[in-house]
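Report on the structure given below.
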Amino acid sequence: ARASAPTPGAGAVGPTGPAGSAPAAIVVRATNTSGQSIAGSASSVVVTGWTEVTDTDAAFDPTTGIFTVPVERYYVVTASLEFTAIAAAAGVFFSVGVYVDGSAAFVSREYVQVAAASVARNPKVTSAPMLLTVGQQITIRGIQDSGSSNTLSSVAIRNYLGIWAV
């Protein structure tokens, strides 16, 4: 059976597909007020101590900061971290990264342009859609190379993450 008559010049319309529903939405939204310390050695540190706002599949562990992929799909991740005010030399960077199975997938860096004291840094990152398979793990990591440890802001709207299956 045809779903509708063909449009002239457009070719035949195929058969109607089986009844069904769209895949369930997979959404994670979390904020962070932990004030976690990030080493100043340019080593990536998994951000932990999140507060879940939404987690439709219980796939995110806010304590460890690990999202475990529940269904093979394309995923988009967005994250923001605010490093508290710290004196930093020109060229020092503050970063937030999306890591998949421990490897950097997307990293955004905010470089200090002019040496300044007491300036907060707020890098943000949004990934392109990533095809991920069941069991892969996503983490958000903070990275900075100021030479001394720096803490993340304890203001929830400054530190957030979102994960969506698309």
Query - Single-linkage hydrophobic cluster, 4.5 Å side-chain cutoff, Tyr74 and Val100 together - result: no
Query raised in the report: Between Phe94 and Phe83, does the ring centre distance come in under 6.0 Å?
Result: yes
Query raised in the report: Is the side chain of Asp145 donor-acceptor paired with the backbone N or O of Ser41 at a distance under 3.5 Å, no angle test?
Result: no
Query raised in the report: Is it the case that Asp101 and Gln137 place a side-chain donor and acceptor less than 3.5 Å from each other?
Result: no
Requested in this report: Take Tyr75 and Val166, measure what side chain to side chain contact (heavy atoms under 4.5 Å, CB included) needs, and give me the verdict at the end.
Outcome: CA-CA 6 Å; Tyr75 291 82; Val166 293; over 6 Å; no
Query raised in the report: Going hydrophobic residue to hydrophobic residue with side-chain gaps under 4.5 angstrom, can you get from Val77 over to Ile143?
Result: no
Query - Working for side chain to side chain contact (heavy atoms under 4.5 Å, CB included), residues Ile140 and Val96 - result: CA-CA 7 Å; Ile140 302 303; Val96 59; 3.8 Å; yes
Requested in this report: Compare every heavy atom of Ser149 with every heavy atom of Ala39, then report the nearest pair and how far apart it is.
Outcome: CA-OG, 3.8 Å
Query raised in the report: Nearest 0.5 Å, what's the CH2-CG distance between Trp50 and Asn32?
Result: 5.0 Å
Requested in this report: Supply the atom-to-atom distance Leu132 CG to Ile163 CD1, rounded to the nearest 0.5 angstrom.
Outcome: 9.5 Å
Query raised in the report: Residues two or more places apart in sequence or in another chain: which of them pass side chain to side chain donor-acceptor pair (under 3.5 Å) with Arg141?
Result: Ser44, Thr139
Report task. Taking the side chain as every heavy atom from C-beta outward, state whether Trp164 and Ile26 have any atom pair closer than 4.5 Å. Result -> no
Query raised in the report: What about Val125 and Tyr111, same hydrophobic cluster or not, with Ile/Leu/Val/Met/Phe/Trp/Tyr joined at side-chain heavy-atom distances under 4.5 Å?
Result: no
Requested in this report: Identify, with sequence neighbours excluded, every residue that meets side chain to side chain donor-acceptor pair (under 3.5 Å) alongside Ser154.
Outcome: none
Requested in this report: Using modelled atom types only, decide if a donor and an acceptor are shared between the side chain of Thr33 and the backbone of Ala156 within a distance under 3.5 Å.
Outcome: no
Query raised in the report: To the nearest 0.5 Å, how far apart are OG1 in Thr68 and CG in Asp61?
Result: 8.0 Å
Query raised in the report: Are any non-hydrogen side-chain atoms of Val112 and Arg121 less than 4.5 angstrom apart?
Result: yes
**Report entry** For the student: nearest non-hydrogen atoms of Thr56 and Ala25, plus distance
**Finding:** OG1-O, 3.2 Å
Report task. Of all the heavy-atom pairs spanning Gln113 and Ala90, show the shortest one and how long it is. Result -> O-CB, 3.7 Å
Query raised in the report: Are Val53 and Leu81 connected in the hydrophobic side-chain network, where two residues link if heavy atoms are under 4.5 Å apart?
Result: no
**Report entry** Ile138 side chain near Val98 side chain, heavy-atom distance below 4.5 Å
**Finding:** yes
Report task. Check the side chains of Asn150 and Thr84 for a donor-acceptor pair under 3.5 angstrom, ignoring hydrogens and angles. Result -> yes
Query - Same apolar cluster: Met130 and Val28, side chain cutoff 4.5 Å - result: yes
Requested in this report: List the steps and the verdict of side chain to side chain contact (heavy atoms under 4.5 Å, CB included) for Lys124 and Tyr160.
Outcome: CA-CA 9 Å; Lys124 299 165 185 63; Tyr160 60 83; 4.3 Å; yes
Requested in this report: Can you see which heavy atom on Thr48 is nearest to which on Ser34, and at what distance?
Outcome: O-OG, 3.7 Å
**Report entry** Ser148 OG to Ile86 CD1 distance, which is reported to the nearest 0.5 Å
**Finding:** 3.5 Å
Requested in this report: State which residue, out of Ile157, Asn122, Leu152, fulfils the side-chain contact (heavy atoms from CB on, under 4.5 Å) condition with Glu82.
Outcome: Asn122
**Report entry** Spacing of Arg158 atom CZ and Ser153 atom OG [to the nearest 0.5 Å]
**Finding:** 7.0 Å
Report summary line: Between Phe60 and Glu52 the two heavy atoms that sit nearest each other are O-OE2, 2.9 Å
Report summary line: Shortest non-hydrogen pair, Val46 vs Thr64, comes out as CG1-O, 3.6 Å
Report task. For the pair Val47 and Gln36, evaluate side chain to side chain contact (heavy atoms under 4.5 Å, CB included) and give the outcome as yes or no after the intermediate values. Result -> CA-CA 7 Å; Val47 179; Gln36 181 176 346; 3.7 Å; yes
**Report entry** Between CZ on residue Arg29 and CG on residue Asp55, distance to nearest 0.5 Å
**Finding:** 12.5 Å
